[in-house]
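The structure appears below as structure tokens.
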Amino acid sequence: MRKLGWAMALAALCCTSPAMARGREPAPALRGQITFLYYKDLPAAARFYERLLGRAPESTPDWVRLFPLTSTATIGLVNATGGALRPSEEKPVMVTMVVDGTRAIDHWYDRVRAQGIRIVEERKTTRIDARRSIHAFMFNDPEGYRIEILSWVRTPRG
């Protein structure tokens, strides 16, 4: 019994050490988020997003283009030889851009189609759970990254 008491005391001491306690403190507030995508043809990707978003990228070094999406979220395009990663054929990434309401979805849908971008998943409403649904559509950028334009839709109770 005495050995068990020491083991429990030692475990309690380890779990309440200053180092462990620091890991439980709230993390410092984040100021923003950037999703970086990597391209073999950065100029073509930059032209695509400039046309899609209707604005030029921020001023950056030649190997990266930054397009702010909101005041705290940015999409970053990086050339094949710059940055930390390299482009790959498989694109297991989806960028979801959230808008307010189905009217905004319809506007974005019309904008994407008017630019000749092929829609890979048509507009549809998908139930997430008993209270929420999404209304969304999807398309690919020039090198195959999937882009989703999405709006949350409150599901009426019934």
Side-chain angles (χ1 to χ4, degrees), residues 14-15 17 19-155:
C14 289
C15 294
S17 71
M20 290 293 288
R22 281 193 300 272
R24 293 185 184 143
E25 294 172 6
L30 298 171
R31 292 187 24 208
Q33 186 272 333
I34 302 174
T35 299
F36 284 105
L37 306 175
Y38 292 79
Y39 293 91
K40 294 176 186 171
D41 188 346
L42 179 61
R47 284 190 303 275
F48 174 87
Y49 282 96
E50 189 168 338
R51 194 173 71 244
L52 176 69
L53 299 171
R55 63 180 169 275
E58 291 183 344
S59 179
T60 58
D62 289 343
W63 56 272
V64 66
R65 299 290 181 275
L66 297 176
F67 290 90
L69 301 176
T70 69
S71 63
T72 60
T74 300
I75 189 164
L77 316 179
V78 182
N79 78 9
T81 59
L85 303 174
R86 299 294 170 254
S88 67
E89 294 306 313
E90 185 180 358
K91 308 292 188 204
V93 173
M94 180 167 73
V95 175
T96 298
M97 299 178 189
V98 180
V99 299
D100 287 328
T102 56
R103 291 178 112 173
I105 291 290
D106 293 342
H107 176 83
W108 274 99
Y109 182 86
D110 292 343
R111 179 180 181 85
V112 168
R113 289 196 41 118
Q115 293 179 18
I117 300 168
R118 188 174 75 79
I119 306 295
V120 297
E121 190 172 306
E122 290 291 331
R123 288 175 290 192
K124 68 179 182 178
T125 301
T126 304
R127 187 180 206 101
I128 302 299
D129 58 32
R131 297 171 307 169
R132 297 172 297 166
S133 297
I134 59 170
H135 190 64
F137 71 98
M138 296 182 200
F139 54 96
N140 292 339
D141 80 1
E143 291 195 22
Y145 287 103
R146 180 67 44 98
I147 309 299
E148 177 183 48
I149 308 286
L150 171 147
S151 178
W152 291 100
V153 180
R154 186 175 266 295
T155 303

So do the side chains of [X] and [Y] get within less than 4.5 Å of each other, counting heavy atoms only?
X	Y	answer
Thr72	Gln33	no
Phe137	Ile105	yes
Glu89	Lys40	yes
Tyr145	Asn140	no
Thr74	Phe36	no
Ile119	Tyr109	yes
Ser151	Val99	yes
Met94	Met138	yes

Gap between atom [atom2] of [Y] and atom [atom1] of [X] - 0.5 Å precision:
X	Y	atom1	atom2	result
Leu77	Asp41	CG	CG	11.0 Å
Thr126	Arg132	OG1	CZ	13.0 Å
Arg111	Arg51	CZ	CZ	9.5 Å
Leu53	Ile75	CG	CD1	7.5 Å
Glu58	Thr60	CD	OG1	8.0 Å
Glu148	Met97	CD	CE	10.5 Å

Please report the closest heavy-atom contact between [X] and [Y], naming both atoms and the distance.
X	Y	answer
Pro57	Arg65	CG-CD, 3.8 Å
Leu66	Ile34	CD2-CG2, 4.4 Å
Pro142	Ala44	CG-O, 4.2 Å
Leu42	Val64	CD2-N, 4.1 Å

(message) With a 3.5 Å distance limit and no angle check, can you tell me whether Arg55 reaches the backbone of Leu52 through a side-chain donor-acceptor pair?
(response)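 Such a contact is absent between Arg55 side chain and Leu52 backbone.
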(request) Just say parallel, tilted or perpendicular for the rings of Phe139 and Phe48, cut-offs at 30° and 60°. (result)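 Rings of Phe139 and Phe48: tilted, as their planes differ by 30° to 60°.
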(message) Tell me whether the rings of Tyr49 and Phe67 are parallel (<30°), tilted (30 to 60°) or perpendicular (>60°).
(response)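 Ring orientation, 0 to 90° scale: tilted.
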(request) Decide salt bridge (charged side-chain N to carboxylate O under 4.0 Å, His left out) for Asp110 and Arg113; before the verdict, give the C-alpha distance in whole Å, the side-chain angles of both, and the deciding distance to 0.1 Å. (result) CA-CA 5 Å; Asp110 292 343; Arg113 289 196 41 118; over 6 Å; no
(request) Taking only Lys NZ, Arg NE, NH1 and NH2, and the carboxylate oxygens of Asp or Glu, determine whether Arg103 and Asp106 approach each other closer than 4.0 Å. (result)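 No, Arg103 and Asp106 are not salt-bridged.
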(request) State, without any angle test, whether Tyr38 and Glu143 hold a side-chain donor-acceptor pair at a distance under 3.5 Å. (result)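 Per modelled atom types, Tyr38 and Glu143 side chains form no pair under 3.5 Å.
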(request) With side chain to side chain contact (heavy atoms under 4.5 Å, CB included) as the test, would you mind laying out the steps for Lys91 and Arg146 before giving the verdict? (result) CA-CA 8 Å; Lys91 308 292 188 204; Arg146 180 67 44 98; over 6 Å; no
